[in-house]
Amino acid sequence: MIDIRSLRTDFEATKAALARKKVDPADVDRAVALDGRLRDLATQRDELRAQVNTLSKQVGQARRDGDAATGDQLMADSRRLGDEESKLADEAAAVEADLRDLLLRIPNVPSDSAPDGDTDADNPVLRIQNYAPERFGDHQRIPHWEIGAALGILDLERAVKISGSMFSMFRGPGATLARALCQLALDRNADAFEEVRPPTLVTSATLTATGQLPKFADDAYHIERDDLWAVPTAEVPLTSLARDEILDEADLPTRLMAYTPCYRREAGSAGRDTRGLLRVHEFDKVEILAYTTPEQAPAMLDELVARAEGTIDALGLAYRVIEICVGDLGQSHHRSYDIEVYAPGCDMWLEVSSVSWFSDYQARRANIRYRPSEGKGTALVHTLNGSALAVPRVWAALVETYRRDDGSVVVPDALRPYFRGMERIEAR
RNA sequence: GGAGGGAUGGCAGAGCGGCCGAAUGCACCGGUCUUGAAAACCGGCGGGCGAGAGCCCCGUGGGUUCAAAUCCCACUCCCUCCGCCA
């Protein structure tokens, strides 16, 4: 959630910032109107409550003094005021619910530094690494679904039989490769990040904290019977890990990482980029996440990008880093970068990591605060996260990049420790 | 799934429908004392909203009442036992 106070004290600037993200100005105006109305109602309600509370205390005093007549009179007064109070309270509660519902749907304010733009076509490319198109041979221009089928390491047909379209199944060294990628990502970040294995079925409250609910319910798998949701990313449970808690500033930044399966219905993307492993309903990912003070956040954003990028680089893949323009920024995002890996067989740049800074947007929803070591009170933390490594697309780019002209796929050096001595994946 | 017990401040733990945002102990912070520390003593010590007066928060939501931590209902979670089971 955005800070409603920023709409009170800095209305025009906040509205303008939200307009960069294509927020309907009418929604912003409505939020301010509801907030004003709520505060009026709350003030009136609180004044009545104060009177009722005072009268009630006097009733008790009169009773103790044995003055029943005064007590009865005060009681009648209090009852009358109480009736008025409850009407105002009902009205205030209704306005508050409307305001909250609206606020949960208003996106985060983008960073002033986020570049202008409307769509992903406007995202500036910051750098390109390891990419030299002329160096890819014909043997690398085979899409991974063909390589996977030929080597018997990717069994899409049977995955469809088991679970339907857009599910995948790795086999033999292909499964080892998927797991090795996760292990590599965890190992590379274990110097600073605590490894967590969180639950992957979560409550609605958990999914609301990170921003998936209420707006994007259609994108997530929901288990009706138990009212639980399958996580689309480990960001969801890791962010709620500290929900409703107050951290010590000394504990910040807090760095967490988790390997989990991720579940996405991909409701709005039927038919787009769905061949092979490009878009699947279930995949494995290692997520890295941090809680920071506002001051620590920019450096943490850089750190997360560097870590995500470093793993792709260690795998010897061609990739590029792009910054997300305001028009393409997700609802909760303040500033984001994507890492896209080049898959020579598909001849496509595939998004394999999205690293984002959420400012206090998620922290406000999740009520995650810290106690500053200087000064009084509490303040909201900032949350940041990114994929350290998402399996399917990296798997795809990797088998395409490391395919030799004899059809086998070489295991990259970085993954050798996880391959039980195997150096090359060959047809069975 | 069945039966029973429970949920109060960082922790432990009192709490009669009104004098309870809440005793007490521990922890923590400041001070006195001390060469320093400990002990002792004194003081402080939850969070949220609000410009403020003030209001709200005793698991959550609802109800009864002039008045609810306290009574009633529902739900959630925890503990014990039974059943099932990686």
Side-chain angles (χ1 to χ4, degrees), chain A residues 1-11 31-32 34-104 197-209 213 223-229 237 240-252 261 360 363-381:
Chain A
M1 272 187 291
I2 60 166
D3 186 357
I4 187 69
R5 279 170 296 202
S6 69
L7 285 177
R8 283 180 209 151
T9 59
D10 206 11
F11 176 67
V32 171
L34 284 171
D35 177 55
R37 175 114 184 86
L38 174 60
R39 295 213 293 154
D40 285 347
L41 287 169
T43 302
Q44 294 175 44
R45 178 200 62 198
D46 286 355
E47 278 168 4
L48 280 175
R49 267 187 198 168
Q51 292 178 42
V52 170
N53 287 344
T54 304
L55 286 172
S56 294
K57 286 201 173 94
Q58 289 171 353
V59 171
Q61 189 59 49
R63 283 277 172 80
R64 280 193 299 282
D65 295 347
D67 187 350
T70 306
D72 289 347
Q73 179 57 47
L74 291 167
M75 205 187 280
D77 293 346
S78 183
R79 182 186 291 132
R80 186 171 45 74
L81 284 173
D83 289 345
E84 278 182 58
E85 187 272 344
S86 63
K87 275 188 206 130
L88 277 170
D90 288 349
E91 206 178 335
V95 171
E96 190 169 19
D98 285 351
L99 177 60
R100 180 174 166 77
D101 185 62
L102 179 59
L103 243 27
L104 281 174
R197 180 38 255 241
T200 55
L201 295 180
V202 301
T203 62
S204 297
T206 297
L207 211 61
T208 303
L213 289 180
I223 298 164
E224 299 273 350
R225 187 185 171 102
D226 298 295
D227 194 18
L228 289 169
W229 303 77
S240 277
L241 190 113
R243 197 170 75 220
D244 295 323
E245 294 189 19
I246 302 175
L247 311 174
D248 284 332
E249 182 173 355
D251 294 332
L252 300 177
D360 60 12
R364 185 171 291 106
R365 285 170 165 255
N367 190 28
I368 307 171
R369 292 168 291 164
Y370 72 100
R371 216 179 287 285
S373 38
E374 302 290 318
K376 293 168 58 169
T378 60
L380 292 165
V381 302

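Small disclaimer: the values here were computed from a predicted structure and weren't measured. Proteins get letters first, then strands, A, B, ... in listed order; numbering begins at 1 in each.
- Separating the C1' atom of B:G9 from that of B:A23 is a span of 13 Å, rounded to the nearest Å.
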Distances under 3.5 Å only, N/O to N/O: pair up the protein atoms with those of nucleotides 43-49 of chain B.
| unit_1 | atom_1 | unit_2 | atom_2 | d |
| --- | --- | --- | --- | --- |
| B:G47 | OP1 | A:Arg371 | NH1 | 3.0 |
| B:G47 | O3' | A:Arg369 | NH1 | 2.9 |
| B:G47 | O2' | A:Arg369 | NH1 | 3.4 |
| B:G48 | OP1 | A:Arg369 | NH1 | 3.4 |
| B:G48 | OP1 | A:Thr378 | OG1 | 2.5 |

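- Using N1 to N3 plus N6-O4 or O6-N4 for Watson-Crick, or N1-O2 and O6-N3 for G-U wobble, each under 3.5 Å, B:A14 pairs with nothing.
- Across all strands shown, B:C41 forms a Watson-Crick or G-U wobble pair, both distances under 3.5 Å, with B:G31.
- Side-chain contact between A:Leu380 and A:Ile368 is absent, with no heavy-atom pair separated by less than 4.5 Å.
- Distance, A:Arg243 CZ to B:C77 P: 13 Å, rounded to whole Å.
- Taking each heavy atom of A:Asp83 and A:Ser86 in turn, the nearest pair found is O-OG, 3.0 Å.
- Rounded to a whole angstrom, the distance from the C1' atom of B:A68 to that of B:C56 is 15 Å.
- Rounded to whole angstrom, the span from the CD atom of A:Gln61 across to the P atom of B:G18 amounts to 13 Å.
- Nucleotides B:A37 and B:C29, compared at atom P, are 13 Å apart to the nearest Å.
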Output a table of nitrogen or oxygen pairs between the protein and nucleotides 63-73 of chain B separated by less than 3.5 Å.
| unit_1 | atom_1 | unit_2 | atom_2 | d |
| --- | --- | --- | --- | --- |
| B:C66 | OP1 | A:Arg79 | NE | 3.3 |
| B:C66 | OP1 | A:Arg79 | NH2 | 2.4 |
| B:C66 | O4' | A:Met75 | O | 3.3 |
| B:C66 | O2' | A:Ser56 | OG | 3.3 |
| B:C66 | O2' | A:Ser78 | OG | 2.2 |
| B:A67 | O4' | A:Ser56 | OG | 3.2 |

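- Taking CG of A:Asp251 as the reference point, atom CD of A:Glu249 lies at 10.0 Å (rounded to 0.5 Å).
- Side-chain N or O atoms of A:Arg365 include one that pairs as donor or acceptor with a backbone N or O of A:Leu104 at under 3.5 Å.
- Atoms CG (A:Asp35) and C1' (B:G50) sit 11 Å apart, rounded to a whole Å.
- Looking at A:Asp77 and A:Gln73, their side chains do bring a donor and an acceptor atom within 3.5 Å of each other.
- The interatomic distance linking A:Leu228 (CG) with B:U76 (C1') rounds to 13 Å, in whole Å.
- Of the C1' atoms belonging to B:C26 and B:C79, the separation is 24 Å, rounded to the nearest Å.
- Distance A:Asp226 CG to B:C75 C1': 15 Å, rounded to the nearest Å.
- Taking 4.5 Å as the limit, every side-chain heavy atom of A:Asp35 sits out of range of all side-chain heavy atoms of A:Leu7.
- Of all nucleotides present, only B:G6 satisfies the Watson-Crick or G-U wobble test against B:C77, with each distance under 3.5 Å.
- A:Thr203 approaches A:Trp229 most closely through the heavy-atom pair C-CD1, 3.9 Å.
- Put simply, the side chain of A:Asp3 gets close to the backbone of A:Arg5: a donor and an acceptor are under 3.5 Å apart.
- Taking atom P in both B:G5 and B:A38, the straight-line distance is 47 Å, to the nearest Å.
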| said: Checking A:Arg45 against A:Glu91 for the salt bridge (charged side-chain N to carboxylate O under 4.0 Å, His left out) test, could you report, in this order, the C-alpha distance in whole Å, the side-chain angles of both residues, the deciding distance, and whether it holds? | reply: CA-CA 10 Å; A:Arg45 178 200 62 198; A:Glu91 206 178 335; over 6 Å; no
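- Atom name P, nucleotides B:U8 and B:G13: the rounded distance is 9 Å, in whole Å.
- Look at the C1' atom in both B:G25 and B:A14: the space between them is 11 Å, to the nearest Å.
- Residue whose closest nucleotide on RNA chain B sits further toward the 5' end, between A:Arg49 and A:Ile4: A:Ile4.
- A donor-acceptor pair is defined here as one N or O able to donate and one able to accept, closer than 3.5 Å; no such pair exists between the side chain of A:Ser78 and the backbone of A:Leu74.
- Spacing of C1' atoms, B:C45 relative to B:G50, comes out at 24 Å, to the nearest Å.
- Contact annotation for A:Arg45: no contact, since no heavy-atom pair falls under 4.0 Å across all strands.
- Rounded to a whole Å, the CD atom of A:Gln44 is 14 Å from the C1' atom of B:G54.
- B:A53 atom P lies 17 Å from atom CD of A:Gln51, rounded to whole Å.
- Nucleotide B:A51 holds its P atom 12 Å from the CG atom of A:Asp40, rounded to whole Å.
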